[in-house]
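No hydrogens, no waters, no symmetry mates; every other heavy atom, side chains included, goes into these values. All residue numbers refer to positions in the sequence shown, counting from 1. Read the numbers this way: they start at 1 and go in the same order the structure lists the ligands and their atoms.
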Amino acid sequence: MEDEDCPDLVPIDAGVVQDSEPGSGRRIPVTIITGYLGAGKTTLLNYILTEQHSKRIAVILNEFGEGSALEKSLAISQGGELYEEWLELRNGCLCCSVKDSGVKAIENLMQKRGKFDYILLETTGLADPGAVASMFWVDSELGSDIYLDGIVSVVDAKHGLQVSCPFFFFQMYRQVALADLIIINKTDLVSGEELNKVRTSVRSINGLVKILETQRSRVDLSNVLDLHAFDSLSGISLQKKLENMKTTHAHLDKGIMTVTFEVLGNIKEENLNLFIQNLLWEKNVKDKTGRTMDVIRLKGLVSIQGKSHQVIVQGVHELYDLEETAVAWKEDEERTNRLVLIGMSNFVSFSHSSYAKNTVVGCSRKARITLLPLIG
Ligand SMILES: Nc1nc2c(ncn2[C@@H]2O[C@H](COP(=O)(O)OP(=O)(O)OP(=O)(O)O)[C@@H](O)[C@H]2O)c(=O)[nH]1
Ligand SMILES: [Zn+2]
């Protein structure tokens, strides 16, 4: 017992930052920032870094790399304020690589440089953030120091969701479908009417997402950081959203939609698991017209037999998780199960793999970590 309380040995290394609290067990949030090319992701990062004066924030850029010749760990610059490190990714890109390598690399960096308070990860405009999100989400279950806090997607108000290339279009829709927060940026470039259109198309894809509108990505940071979108703390805000969301949004022409379910009563946990597995894994749950759905994001609050508290359901692609929240069902309350699916009708669905085979987009060979040691 006492041995476990011993502080870890810290390597003797000139670069070590000593302000971490070894063994504090505090976990570090990761916010994933996505958005189409040029939407304002970097502007958002810079804004956060200059506004936020109390956190040690590490910024990770998941970029296109220069190819396999550079496939090794490399400290690019270590002097001055900026410290950069290339992650070694055994299997290509951050999103496609074996789950643990990205997280491991961050943990290694923290060992060398001291703990951060927060991690911001900017994906390339063409990446599938689902794969990156899954990586961090899975890892948090395995006792990692890092947990996924939320997914933020920046949308360009001027261009909206208009992209002609089907692959790019597909990725942009996925980014919107997956997000916990959408920032519609560059509102200075559009009229009120145009802005309404963009807002409506975002809402038609993702009926749950919070939408903010900005210029130069200037946003109240309390809306971006510490969202707890993937843990049971988000149960209460999810409850409110679900109550206000009785309609089913469908973006019929594009086949991307938000579907809500509401069922009264208690469910057996095993039946719920079976349903979700059929939906996410077997993909054999059909709608009235016989079509199946590719679920990108799943959220819900359910009532499970024998459990006194509401249970939150979270899903990203094929991963899902049930967690009891702090909210107890009241004695006189009618128990309900509400599930929200955001995804694509299989009718028009593109498969990531079939596109990925023929295109290099969305796959970067390297991720660059830029650690901005202390701002303020
Ligand atoms: N007019 C206007 N321009 C903006 C706004 N926000 C950002 N920009 C400009 O848009 C361009 C792209 O912004 P970035 O922040 O680099 O976009 P990004 O999403 O990081 O771009 P990539 O990483 O290349 O995908 C820059 O020239 C910004 O100065 C805004 O609110 N209004
Ligand atoms: Zn990839």
Side-chain angles (χ1 to χ4, degrees), residues 30-52 57-66 76 82 84 86-87 93-95 102 118-133 150-165 167-199 201-202 209-221 223-225 359-372 375:
V30 182
T31 292
I32 295 176
I33 298 176
T34 69
Y36 196 66
L37 297 170
K41 300 178 294 292
T42 305
T43 309
L44 176 64
L45 281 173
N46 287 335
Y47 179 72
I48 294 174
L49 291 171
T50 49
E51 274 302 286
Q52 173 52 255
I57 299 179
V59 176
I60 301 170
L61 306 169
N62 187 192
E63 290 183 334
F64 293 105
E66 285 90 305
I76 289 186
L82 205 70
E84 292 180 303
W86 291 89
L87 294 182
C93 75
L94 187 54
C95 60
Y118 214 102
I119 296 169
L120 299 172
L121 192 155
E122 177 184 341
T123 65
T124 69
L126 304 174
D128 169 14
V132 182
I151 302 171
V152 175
S153 187
V154 186
V155 171
D156 186 328
K158 183 75 187 165
H159 298 106
L161 304 180
Q162 247 95 53
V163 179
S164 52
C165 163
F167 177 81
F168 293 177
F169 170 83
F170 169 64
Q171 290 302 48
M172 191 163 60
Y173 269 73
R174 288 165 80 99
Q175 291 171 358
V176 172
L178 203 64
D180 301 295
L181 169 70
I182 297 279
I183 297 175
I184 301 179
N185 186 41
K186 306 196 190 180
T187 57
D188 56 308
L189 299 181
V190 294
S191 67
E193 198 184 323
E194 286 171 287
L195 186 57
N196 267 333
K197 268 198 198 148
V198 177
R199 202 187 297 120
S201 42
V202 166
V209 74
K210 183 179 172 115
I211 301 175
L212 297 174
E213 287 151 22
T214 59
Q215 293 183 11
R216 306 243 148 238
S217 305
R218 271 184 237 119
V219 59
D220 183 342
L221 295 187
N223 288 318
V224 179
L225 305 179
T359 36
V360 219
V361 288
C363 292
S364 78
R365 307 287 305 168
K366 291 276 187 306
R368 192 176 80 211
I369 285 196
T370 308
L371 172 60
L372 294 128
I375 307 236

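In terms of polar-atom proximity, defined here as any N/O pair under 3.5 Å, Thr214 makes no such contact with ligand 1. The distance criterion of under 3.5 Å between nitrogen or oxygen atoms is not met by Leu44 with respect to ligand 1.
With ligand atoms numbered from 1 in the order given, ligand 1 contributes 25 (O) to contacts under 4.0 Å with heavy atoms of Leu37. Contact atoms of ligand 1 toward Gln215: 31 (O) (distance under 4.0 Å to a heavy atom of the residue). Taking every heavy atom of Thr42 and a limit of under 4.0 angstrom, the matching atoms of ligand 1 come to 15 (O), 16 (O), 18 (P), 20 (O), 23 (O). Each of the following atoms of ligand 1 lies closer than 4.0 Å to a heavy atom of Leu189: 1 (N). With ligand atoms numbered from 1 in the order given, ligand 1 contributes 5 (C), 6 (N), 7 (C), 31 (O) to contacts under 4.0 Å with heavy atoms of Asn185. Applying the 4.0 Å criterion to heavy atoms of Asp188 picks out, from ligand 1, the atoms 1 (N), 2 (C), 30 (C), 31 (O), 32 (N).
Remark: side-chain polar atoms of Asn185 are paired, donor with acceptor, to backbone N or O of Arg216 under 3.5 angstrom. Panel note: side chain Lys41, backbone Ser153; no donor-acceptor pair is recorded below 3.5 Å.
For the pair Arg199 and Glu213, the salt-bridge criterion is met [side-chain N within less than 4.0 Å of a carboxylate O].
Residue Gly38 places a heavy atom under 4.0 Å from ligand 1.
Every residue two or more places apart in sequence or in another chain was checked for a side chain to side chain donor-acceptor pair (under 3.5 Å) with Asn46, and none qualifies. By the side chain to side chain donor-acceptor pair (under 3.5 Å) test, Thr43 pairs with no residue at all, sequence neighbours left out.
When the heavy-atom distances from atom 8 (N) of ligand 1 to Arg216, Lys41, Glu213 are ranked, the shortest goes to Arg216.
With a 4.5 Å cut-off on side-chain heavy atoms, Leu181 and Leu212 count as touching. Taking the side chain as every heavy atom from C-beta outward, Val198 and Asp156 never approach each other to under 4.5 Å.
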